[in-house]
Structures are given as structure tokens and as C-alpha cells.
There are 2 protein chains.
Amino acid sequence: MCSTLGYALLGLLARQPRTGYELTQLLRAPIGYYWTASHSQVYPELAALEADKLVGHRVIVGPGPRDTKRYRITAAGRRALATWAARRPDTTVNRDELMLKVYSLWTVDPTRAREMIVAQREADAATLLHYQRMERSMRQEHGRAPADPTTPEFSSYATLRRGLSFQTHVIAWCDWLLDALTTTPRV
Amino acid sequence: MCSTLGYALLGLLARQPRTGYELTQLLRAPIGYYWTASHSQVYPELAALEADKLVGHRVIVGPGPRDTKRYRITAAGRRALATWAARRPDTTVNRDELMLKVYSLWTVDPTRAREMIVAQREADAATLLHYQRMERSMRQEHGRAPADPTTPEFSSYATLRRGLSFQTHVIAWCDWLLDALTTTPRV
DNA sequence: TAGCACATGTAACTCGTTACATGATTTG
DNA sequence: CAAATCATGTAACGAGTTACATGTGCTA
């Protein structure tokens with residue numbers, strides 16, 4: 001019915017009405033952890049969603065320099081979102097540039113390869129720390145982990161759990177690789 | 001110096017000379033697990049690599065219906081590849097449609113949501129099984145796991161380990177989510 | 001007074017996919 | 001003899017990024 005970006009925007013608008021500017025920011029974080037878009041893509045997509053009657057907008061003559069459009073999801077938009085969310089994505093195309101580099105890492109001097117992987121591990125550790133802080137603040141707000149799967153909080157928590165698991169395993173893999181690069185059998 | 005696809009092709013050609021057709025097939029598997037391209041992208045990219053003197057080709061007048069071009073990496077190509085492989089990718093853009101769907105899974109009836117995640121889990125389990133078979137056959141060929149990081153076999157093994165770890169954790173996350181969707185507090 | 005946050009839009013370009021186009025050899 | 005495999009290329013289109021364009025109000 002609409003593009004993936006369209007569903008990303010509907011997913012945000014299902015939680016609360018937003019302006020194009022706000023949506024653009026949310027597409028950096030937290031949505032940006034698994035889907036990104038720049039504002040030059042957001043504004044045309046909102047127009048397309050509106051043409052399909054999946055969202056509507058009201059002009060807010062706020063204090064800003066220009067009029068702001070506050071978008072709101074329609075009943076049809078909500079139905080389209082739920083239908084899309086309930087259908088498993090067809091085999092995702094994995095694009096992992098790091099793996100592509102590792103596939104050719106044998107052409108690199110092991111010492112330099114180690115440096116690269118160490119830097120990668122550090123970046124992943126920083127991301128993990130960030131996710132852990134997010135989890136702590138989420139638990140503090142709620143007292144415990146969100147458990148009702150019909151609330152937006154539960155969905156957010158589920159994606160966060162995935163991020164935590166992902167970063168943890170990537171770091172473990174980096175450690176294995178670093179070990180293999182260090183205890184190399186070259187004499 | 002060239003596009004990511006260019007480095008993917010150089011990575012394959014660094015292991016052995018190939019025709020455009022063969023490269024296209026390898027971009028489905030095993031490279032396709034983390035980078036894909038169709039033949040309509042491969043042939044122009046090979047021409048671009050040749051214009052940059054990173055690869056060269058010889059025409060093989062084989063038994064086929066038309067002449068085959070066998071591409072071979074040049075010394076400059078090998079240097080470009082090693083330089084690229086040793087540099088950590090700048091923060092990868094993660095596009096994970098499943099996570100985008102989970103972010104809006106709260107709008108879906110938990111029973112249907114469960115069905116979706118069960119199907120996803122099954123697909124991931126099948127992929128894991130496939131990776132496990134690949135690992136077994138790799139160990140059989142070598143007697144043990146490849147340990148010399150200056151061999152293509154080691155690089156291949158490292159990416160395989162990543163795939164195994166990734167699938168294992170994704171399945172565990174699916175199980176956690178399925179449990180949360182089942183023991184829902186709605187009375 | 002310089003720069004940033006707010007706020008929206010268009011244009012040019014790259015990357016990637018699907019469809020169009022051709023045609024011989026092998027296999028069921 | 002029909003279909004798959006081998007083998008290479010172009011065209012049209014969609015998705016996504018960077019750069020271009022405009023302009024106010026607040027803060028350091």
C-alpha cells in the first residue's frame with residue numbers, strides 16, 4: 001500500500017501526532033537504530049500518505065518562522081499499519097559492510113587487521129552502554145519491564161532488547177576474532 | 001576509490017579469477033549473506049573497475065554461445081582492496097524491517113503477532129541449520145577450524161562464525177518475545 | 001553578531017532492482 | 001521440444017543521499 005518509509009512514519013504517528021520536522025528527528029533516534037531517512041525524503045512521503053488518506057494534517061500558526069503542519073494518522077492509516085506489521089518481512093537483504101571487509105581481511109597484515117577490529121569493538125561497546133542506559137531509564141519510568149504487548153512501551157522495549165542482544169553478541173564475536181588474530185600460527 | 005560493490009567484486013577476484021556470470025552467482029551465495037547485487041549491476045561495475053586499472057580481463061572463446069570475459073585482479077586492485085578492508089566502516093546504517101514492524105507490533109492482535117514471530121523464528125532456525133552444515137563441511141575439509149588469518153579460508157570462517165552467532169541470538173530473542181506475547185497480562 | 005534550532009521544500013545524483021533483449025548448449 | 005543453464009548487456013524506475021534554497025527567533 002505504501003513504501004517502508006511510509007510505514008515507519010505511520011508507526012510514529014500511531015503513537016502521537018507529529019510535525020515533519022519532529023518525524024525527521026525521530027528517524028535519527030530511536031527509529032534510526034534500524035531505519036533512517038533524511039527530511040528531503042520525509043516531506044514528499046507525508047504528502048503521498050496524505051494523498052492515500054492514511055494521514056491528515058492541520059496547519060499550526062505557531063511562534064515559528066513558517067507554518068507548521070501537524071500530521072495525525074487516520075483510521076485507514078492505523079489499519080494499514082497493523083496489517084503491514086503483522087506480515088513477516090520477506091527475506092531481508094542483509095548489507096553488512098563489516099562482513100564484506102572481514103571476507104577480505106586475509107589480504108591485510110594481521111596487526112592492522114587487529115587495530116581495525118579493536119576500533120570496531122570499541123564502537124560497539126559504546127553503543128551497548130548507550131542501550132543499557134536506555135534500558136535502565138525505561139525500567140525506572142515503569143518500575144519494571146513493560147509486559148503488556150498492546151502498549152507502545154512494550155514494542156519499544158522489545159526492539160531495545162534486540163539491540164542489547166545484538167551488540168552483546170557482536171562484541172563476543174570481535175573478542176573471538178581478536179584472539180584468533182593474536183594467537184596466529186605464523187612463526 | 002570505488003563503490004562498495006566494487007570492493008565486493010575485488011574481494012572475490014583476489015581469491016581467484018572469475019567471469020561476470022560467476023561473480024553474479026557468488027553475490028547470491030556466499031557473499032549474498034551480507035551483500036547482494038544483480039548481474040545488471042555487476043557488468044557495468046566490472047567495466048568501471050577495469051577503467052580504474054583495478055582488474056583486467058581476457059576473452060575466453062569457450063564452448064558457450066558468446067565470448068566469456070575472465071577477470072583477474074591487478075596489483076593495484078589488490079592494494080586498493082587491502083587498504084579498504086583495513087579501514088573500519090563508518091557507522092553502518094542499519095535497515096532492519098523486522099524491527100520496524102516490532103516497533104508497531106503493539107497495534108496488532110497478540111495472537112496474530114505471535115504467528116508472525118513464530119514464522120520468523122522458523123526462517124531463522126532454517127538459516128542457522130544451513131550455517132551449521134556449512135561449518136561442519138568446512139571443518140571436515142580442513143580437519144579443524146582455519147586458524148591462519150592470512151588465508152581466505154580463515155576470512156570465510158570468521159564471517160560464518162558471525163552468522164552462526166547472529167542467528168543463535170536472534171532465535172533466543174524470538175523465544176523471549178514469544179513468551180512475552182503468550183503470558184500477556186490481559187485477563 | 002554568529003551560529004544554532006526550528007521548519008519546509010526542490011534538484012541532482014548514486015545505488016539498486018526489475019524488466020527488456022539476445023541466443024547457444026545441455027538436460028529431461 | 002521445452003526448459004534450464006550459460007553469458008552479457010541496456011533501459012526504466014524507485015529509493016535514498018547530499019546539496020540548494022529560504023527565513024525567523026533565540027542564545028552565547
Side-chain angles (χ1 to χ4, degrees), chain A residues 1-9 12 17-29 31-32 34-52 55 57-71 89-97 100, chain B residues 1-9 12 17-29 31-32 34-52 55 57-71 89-97 100:
Chain A
M1 190 106 174
C2 78
S3 71
T4 307
L5 173 60
Y7 290 114
L9 297 175
L12 287 165
R18 297 284 192 183
T19 68
Y21 188 82
E22 287 171 338
L23 291 167
T24 301
Q25 286 175 304
L26 292 166
L27 281 167
R28 296 184 66 80
I31 305 300
Y34 39 87
W35 206 267
T36 57
S38 47
H39 78 274
S40 64
Q41 229 189 327
V42 168
Y43 291 112
E45 186 62 36
L46 282 170
L49 288 173
E50 188 154 40
D52 288 346
V55 304
H57 81 262
R58 273 194 203 162
V59 175
I60 310 287
V61 192
R66 53 166 78 194
D67 292 347
T68 290
K69 296 178 187 170
R70 188 168 307 282
Y71 286 88
D90 36 32
T91 339
T92 320
V93 185
N94 302 309
R95 290 196 184 272
D96 189 334
E97 199 175 335
L100 203 55
Chain B
M1 188 109 174
C2 78
S3 71
T4 307
L5 173 60
Y7 291 114
L9 297 175
L12 287 166
R18 297 282 192 184
T19 68
Y21 188 81
E22 287 171 337
L23 291 168
T24 301
Q25 285 175 305
L26 292 166
L27 281 167
R28 296 184 65 81
I31 305 300
Y34 39 88
W35 206 267
T36 58
S38 47
H39 77 274
S40 64
Q41 229 189 327
V42 169
Y43 292 111
E45 187 63 37
L46 282 170
L49 288 173
E50 189 154 40
D52 287 347
V55 303
H57 81 263
R58 273 194 202 161
V59 175
I60 309 288
V61 191
R66 55 165 77 192
D67 292 346
T68 290
K69 296 177 188 170
R70 189 167 307 282
Y71 286 89
D90 37 32
T91 338
T92 320
V93 184
N94 302 310
R95 291 196 184 272
D96 189 333
E97 198 175 334
L100 203 55

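Chain naming here is simple, since letters A, B, ... match the order of the sequence lines and numbering starts at 1 in each.
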What are the atom names and distances for every N/O pair under 3.5 Å that joins the protein to nucleotides 18-21 of chain D?
residue: D/dT18; atom: O4; partner: A/S40; partner atom: OG; Å: 2.6

**Prompt:** Rounded to the nearest 0.5 Å, how far does CZ of A/R18 lie from CG of A/L9?
**Reply:** 12.0 Å

**Request:** Would you mind reading off the distance between B/R18 atom CZ and D/dA7 atom P, rounded to a whole angstrom?
**Result:** 12 Å

**Message:** At 4.0 Å (heavy atoms only), tell me whether A/R70 reaches a base, stays on the sugar-phosphate, or touches nothing.
**Reply:** nothing

**Message:** In whole Å, I'd like the distance from the CZ atom of A/R95 to the P atom of C/dC15.
**Reply:** 11 Å

**Complete:** Residues at least two apart in sequence or cross-chain that pass side-chain contact (heavy atoms from CB on, under 4.5 Å) with A/Y43, listed by chain then number, are A/Y21, A/H39

**Closest-nucleotide ordering on DNA chain D, the 5'-leading residue of B/Q25 and B/K69** = B/Q25

**Prompt:** Given side chains that start at C-beta, do those of B/S38 and B/T24 come closer than 4.5 Å, heavy atoms only?
**Reply:** no

**Prompt:** Considering only D/dT8, C/dG16, C/dT8, which nucleotide approaches the side chain of B/L5 most closely?
**Reply:** C/dG16

**Item:** Among C/dG16, D/dG9, C/dA5, the nucleotide that comes nearest once only the side chain of A/Y21 is considered
**Value:** C/dA5

**Prompt:** Should B/Y71 and B/P17 count as side-chain neighbours, where that means a heavy-atom distance under 4.5 Å?
**Reply:** no

**Fill in**
By side chain to side chain donor-acceptor pair (under 3.5 Å), A/E50 pairs with (sequence neighbours left out) A/H57

**Request:** Could you check how far CG of B/L26 sits from P of D/dC6, rounded to whole Å?
**Result:** 12 Å

**Prompt:** Closer than 4.0 Å, any side-chain N/O of A/T19 to the OP1 or OP2 of C/dA7?
**Reply:** no

**Item:** Sub-4.5 Å side-chain heavy-atom contact between B/T68 and B/V59
**Value:** no

**Item:** Between D/dA7 (P) and B/L46 (CG): distance, integer Å
**Value:** 14 Å

**Request:** Mind calculating the distance between CZ (A/R28) and P (C/dA5) to the nearest angstrom?
**Result:** 11 Å

**Complete:** Terminal axes of the helix from C/dT1-D/dA28 to C/dG28-D/dC1 (5 end pairs apiece), angle rounded to 10 degrees, sit apart by 30°

**Request:** Let me know the distance between CG of B/D67 and P of C/dG23, rounded to the nearest Å.
**Result:** 15 Å

**Prompt:** side-chain contact (heavy atoms from CB on, under 4.5 Å) with A/P44: which residues, sequence neighbours excluded?
**Reply:** none

**Request:** Would you mind classifying the nucleic acid contact of A/E22 as base, sugar-phosphate or nothing, using non-hydrogen atoms under 4.0 angstrom?
**Result:** nothing

**Prompt:** For B/E45, which contact category applies under a 4.0 Å heavy-atom criterion: base, sugar-phosphate, or nothing?
**Reply:** nothing

**Complete:** Whole-Å distance, A/Y43 OH to D/dG16 P, equals 18 Å

**Request:** Kindly indicate whether the side chain of A/L100, heavy atoms from C-beta on, has any atom under 4.5 Å from the side chain of B/Y34.
**Result:** yes

**Asked** Going by heavy atoms in the side chains, are A/L5 and A/L27 under 4.5 Å from each other?
**Response** yes

**Request:** Only counting residues at least two apart or in another chain, list the ones meeting side chain to side chain donor-acceptor pair (under 3.5 Å) with B/R95.
**Result:** A/T36

**Request:** Measure from OH on B/Y71 to C1' on D/dA7 and round the result to the nearest Å.
**Result:** 12 Å

